[in-house]
There are 2 protein chains.
Amino acid sequence: MGKDQKKLPLYIQIKNKLVSNIKEGIWKPGDTLPSESQLMEQYNVSRTTIRQAIRDLVQNGILETSRGAPTKVKEIPEDGLGNPGVIHHEIGTDMAVILLRMEKSQTHYHAKYQLSLPETADIFYMERLRMADGKPIAIQQSYLPLAIGDVIEQVADKKFDFFSTLGNHGIYHTNIKEHVSADNATQYEADILGVSAGEALITIERTTLGIDSKPIEYSTTKYTTKAFKYTIEID
Amino acid sequence: MGKDQKKLPLYIQIKNKLVSNIKEGIWKPGDTLPSESQLMEQYNVSRTTIRQAIRDLVQNGILETSRGAPTKVKEIPEDGLGNPGVIHHEIGTDMAVILLRMEKSQTHYHAKYQLSLPETADIFYMERLRMADGKPIAIQQSYLPLAIGDVIEQVADKKFDFFSTLGNHGIYHTNIKEHVSADNATQYEADILGVSAGEALITIERTTLGIDSKPIEYSTTKYTTKAFKYTIEID
DNA sequence: TGGGATTTGTGCGTATGTATG
DNA sequence: ACATACATACGCACAAATCCC
């Protein structure tokens, strides 16, 4: 826990502690937090610091404040972090991933374009079947620069959180762009997903930019409509 | 301009002034703003106030800050206000709308549910064909509470911006929720949209909440994939 | 119903850290 | 190296909304 949080800004440390308390179930959705004055005493920081931490978490949809009333943990904490009003998830509980193909390739020129790589570059290619509760829900094709691919290769056959895995290797992302469209399933896709050829699928194209604003991932995922939920909230 | 901004919080007033400067082109995308100290003098407020205004605008994607460097107007201000990274639009230039049906109805129970209306209530129903450059791109079914429907009825056969029209009548919205899915076109839809039956369509379900957090609109729009573009950016 | 205590919101001043140019 | 600019952090005061007895 307390690794080297020492060099992080105080309000970030406070934020992390508050989030921890929520994740550990000490404060549950709907619960009220201690007042700002109490938190000031408890953590021995100024009100400014407490308020900045709280403000960030309100912005992230984790907390909820209103004048005169105590601050509460928001019901339905959306997706947690980083999401400014976008919810995106697969429907199901028991998630799994089956690796269909994995290779270093020189073709896939459209992917190289998306990744801002020269046409002569090798890229890392991966095709995976995403499962929920034992049933296939999506086919995902991922294209990665080789440096990123090497990191992913070791865990490609497991269920893993893409960004957490990269984070563990010091690779972080700053910006995700997703494009939504629809297609009719090809015979190949239909066979794998267990639907009829021609059935409507939802396609998500995703481009992720790294800290240096260079692409670190381009992927195309085709979901069966039953297994997909995409909700956007604009306030 | 300076109506009764007097009673608004100072940082809100500052925010409005900054936004005005951008909208009037005094500060263009990429331009740098005066430093915080300069703004403090110019508006005669504390740094806290200036920073709170700037922080809000950064959050809204209007401004861009970085340590040590001057604050800039963000390039590509997304959609301007209120949108935390969601872009949503139809492809085409010459937009038009054809009214297919319009009626006050007692059925459409699913819509009443979405609008939080009792089962006995009448609702306003509208089915319209959306055109771009002379070609059909979407079928839209809208369900409105009667009070809202009366306002819309007068302009239903014109191309109009839904929210602007309501705004002109003193009806404002606070929250929009959209759900994205995909369907295969029915024969009816295919005929109207000029595609083949079974072709994949993108469906947008939209619920809009008014100032009082009560629904003012529920609609279902089915787009042909060629005419649709949905991009989500998460920072 | 009322009114006082509590809690968050707004705003000011100041000082220091740290990245940029 | 230096000045500038934004980031973090402390303390104080009062306003406004809520809560609770």
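Sequence lines set the chain letters: A, B, ... in the order given, protein chains first and strands last, and positions in each chain run from 1.
- Distance check: B:Tyr223 OH to A:Ser181 OG gives 15.0 Å after rounding to the nearest 0.5 Å.
- Of all nucleotides present, none satisfies the Watson-Crick or G-U wobble test against D:dA1 with each distance under 3.5 Å.
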The contact string for nucleotides 11-21 of chain D, one letter per nucleotide 5' to 3', using protein heavy atoms under 4.0 Å with B, S and - for base, sugar-phosphate only and none, comes out as S-B-BBBB---
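- For A:Pro9, the listed nucleotide lying nearest its side chain is D:dT8; candidates were D:dA5, D:dT8, C:dT8.
- When distances are taken from the side chain of B:Thr65 to each of C:dT8, D:dA7, D:dA9, the shortest belongs to D:dA7.
- The separation between A:Glu64 atom CD and C:dT8 atom C1' is 14 Å, rounded to whole Å.
- Shown are A:Asp31, A:Val73, A:Leu57, A:Leu33; of these, the side chain to side chain contact (heavy atoms under 4.5 Å, CB included) with A:Ile22 is made only by A:Val73.
- In this structure, A:Gln13 places its CD atom 15 Å from C1' of D:dA7, rounding to the nearest Å.
- Summarising the geometry, the separation between CD1 on B:Ile50 and C1' on D:dA7 is reported as 16 Å, rounded to the nearest angstrom.
- Here the options are A:Gln141, A:Glu205, A:Lys112, the test is side chain to side chain contact (heavy atoms under 4.5 Å, CB included), and the partner is A:Tyr218; only A:Glu205 passes.
- For the pair B:Ile12 CD1 and C:dG9 C1', the interatomic distance rounds to 11 Å; values are reported in whole Å.
- Distance A:Glu36 CD to C:dG9 C1': 9 Å, rounded to the nearest Å.
- For A:Ser219, the side-chain contact (heavy atoms from CB on, under 4.5 Å) partners at least two apart in sequence or on another chain are A:Gln140, A:Ser142, A:Arg206, A:Glu217, A:Thr221.
- Listed pair A:Gln52 / D:dT8 meets the phosphate criterion, a side-chain N or O lying under 4.0 Å from OP1 or OP2.
- Side-chain contact of A:Tyr43 with A:Gln13: a donor-acceptor pair under 3.5 Å is absent, judged by distance alone.
- Close to D:dT8, at under 4.0 Å from its OP1 or OP2, lies no side-chain N or O of A:Thr49.
- The interatomic distance linking B:Arg51 (CZ) with C:dG17 (C1') rounds to 13 Å, in whole Å.
- To the nearest angstrom, P of C:dT16 lies 16 Å from CG of A:Leu10.
- Residues B:Ile216 and B:Leu144 form no side-chain contact, since every pair of their non-hydrogen atoms from C-beta on lies 4.5 Å or further apart.
- When side chains are defined from C-beta on, B:Leu146 does not count as touching B:Ile123, because their heavy atoms never get closer than 4.5 Å.
- One can place OH of A:Tyr11 at 13 Å from P of D:dC10, the figure rounded to the nearest angstrom.
- Using a 4.0 Å heavy-atom distance criterion, A:Ser37 is classed as making no nucleic acid contact.
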